[in-house]
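What follows is a short report on a single structure.
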Amino acid sequence: MGYGFITGDKYVASNSLVERPDGGVYFKPELGYHNIHWNFALQYTKVFTGDTGTIGSQDYSVGSLGLGLTYNLPLGAKKFKE
């Protein structure tokens with residue numbers, strides 16, 4: 001959990017007077033597998049912005065879904081036998 005800041009234009013759209021929220025509390029769970037060589041992860045980030053940025057009956061929603069794959073580089077670490 002944390003607090004995220006949303007940057008960009010003041011309004012949600014150029015033809016709208018609905019203001020973009022400044023930020024909000026975020027939640028970022030991650031599901032993954034990590035071993036000595038590889039890291040695989042799936043994460044979701046959701047920012048809760050409150051009531052700011054409502055367009056009619058639709059709330060301004062900020063979220064993202066990410067998929068990660070990384071290879072670990074040994075930097076002077078001991079080499080383990082597998």
Side-chain angles (χ1 to χ4, degrees):
M1 286 194 67
Y3 188 87
F5 297 95
I6 302 171
T7 60
D9 296 333
K10 182 176 179 177
Y11 297 104
V12 174
S14 60
N15 61 351
S16 170
L17 296 178
V18 177
E19 291 191 16
R20 174 191 48 78
D22 294 329
V25 175
Y26 70 86
F27 179 63
K28 184 178 181 181
E30 178 178 305
L31 178 64
Y33 169 76
H34 310 279
N35 66 29
I36 194 169
H37 297 291
W38 293 96
N39 301 306
F40 304 94
L42 177 65
Q43 62 189 17
Y44 175 72
T45 304
K46 170 64 179 158
V47 179
F48 298 95
T49 60
D51 294 336
T52 307
T54 302
I55 304 171
S57 62
Q58 181 181 357
D59 290 337
Y60 187 85
S61 181
V62 181
S64 66
L65 184 63
L67 178 65
L69 170 66
T70 59
Y71 180 74
N72 299 321
L73 298 174
L75 300 174
K78 263 185 161 178
K79 191 162 189 164
F80 295 100
K81 291 184 179 181
E82 292 183 13

Do the side chains of F40 and L42 join up, straight or via other hydrophobic residues, at under 4.5 Å, putting them in one cluster? no
Rounded to the nearest 0.5 Å, how far does CZ of F27 lie from OH of Y44? 10.0 Å
What donor-acceptor contacts under 3.5 angstrom involve side-chain atoms of residues 62-76, with partners at least two apart or in another chain?
unit_1 : atom_1 : unit_2 : atom_2 : d
T70    : OG1    : N39    : ND2    : 3.0
N72    : OD1    : N39    : ND2    : 2.7
N72    : ND2    : N35    : O      : 3.3
N72    : ND2    : I36    : O      : 3.3

